[in-house]
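First comes the structure, then the notes that go with it.
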Amino acid sequence: MKTAYDIIIKPVITEQSMEESEAKKYVFKVAEDANKIQIAKAVEEIFGVKVAKVNTLRMSGKKKRTGAYPAGYRASWKKAMVRLTDDSKPIEFFEGMA
């Protein structure tokens with residue numbers, strides 16, 4: 001059985017995700033085999049918040065050149081966009097970054 005920390009791998013910190021954090025929307029890199037229900041429960045357990053909705057998508061690996069060698073690919077991964085309820089507190093980890 002996976003723990004919450006096995007499901008949520010790391011937060012995705014970009015300009016766009018930081019702008020969305022003001023509206024209580026957060027982006028995480030998650031385990032490839034995790035579903036939306038598992039992701040919601042993991043976020044609630046780790047951060048102590050209420051999740052309203054989870055959207056997921058698979059990010060395919062980009063093609064990268066490595067000099068004279070043949071081109072390779074970056075690893076594919078799964079991204080989850082989590083929206084919190086209006087009465088939920090914001091996640092403290094993201095505060096002060098935007």
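Numbers here are sequence positions counted from 1.
- A donor-acceptor contact shorter than 3.5 Å links the side chain of S17 to the backbone of T14.
- For D86, the side-chain contact (heavy atoms from CB on, under 4.5 Å) test picks out no residue, with sequence neighbours left out.
- V27 is not connected to M18 by any chain of hydrophobic side-chain contacts under 4.5 Å among Ile, Leu, Val, Met, Phe, Trp and Tyr, and they are in different clusters.
- For the residue pair A40 and V54, the shortest heavy atom distance occurs at CB-CG2, 3.9 Å.
- K29 places no side-chain N or O within 3.5 Å of a backbone atom of W77 that could act as its donor or acceptor partner.
- Distance alone, capped at 3.5 Å, is enough to place a donor-acceptor pair between the S76 side chain and the G61 backbone.
- Remark: K53 engages N55, R83 in a side-chain contact (heavy atoms from CB on, under 4.5 Å) (not counting sequence neighbours).
- One hydrophobic cluster, built from ILVMFWY side chains closer than 4.5 Å, cannot hold both I9 and M59; they sit in different ones.
- With respect to E32, the salt bridge (charged side-chain N to carboxylate O under 4.0 Å, His left out) criterion is satisfied by exactly one of K79, R58, K78: R58.
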- Task: Just do the side-chain contact (heavy atoms from CB on, under 4.5 Å) check on T85 and V51 with the steps written out, would you?
- Result: CA-CA 6 Å; T85 58; V51 174; over 6 Å; no
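- Hydrophobic cluster membership differs between V12 and I8, with clusters built from Ile, Leu, Val, Met, Phe, Trp and Tyr side chains linked at under 4.5 angstrom.
- Nearest heavy atom pair, residue L84 against residue P90, reads CD1-CA, 4.5 Å.
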- Task: Determine, step by step, whether K2 and D33 satisfy the side-chain contact (heavy atoms from CB on, under 4.5 Å) criterion, reporting the C-alpha distance in whole Å, the side-chain angles of both residues, the deciding distance to 0.1 Å, and the verdict.
- Result: CA-CA 11 Å; K2 287 191 164 195; D33 58 345; 2.9 Å; yes
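- Formation of a donor-acceptor pair under 3.5 Å by the E19 side chain with backbone atoms of Q16 is not found in this model.
- Residue E45 holds its CD atom at 7.5 Å from OG1 of T3, rounded to the nearest 0.5 Å.
- Taking both residues in full, the closest heavy atoms of I91 and V49 are given as CG1-CG1, 4.2 Å, listed atom of the first, atom of the second, then distance.
- Between P11 and F28, the shortest heavy-atom contact is CA-CD2, 3.8 Å.
- The minimum heavy-atom distance linking K89 with F47 is given by the pair NZ-O, 3.6 Å.
- One hydrophobic cluster holds both Y5 and V30 under the rule that ILVMFWY side chains link at heavy-atom gaps under 4.5 Å.
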- Can you check side-chain contact (heavy atoms from CB on, under 4.5 Å) on M81 and L57, steps first, answer last? CA-CA 9 Å; M81 287 79 68; L57 71 125; 3.3 Å; yes
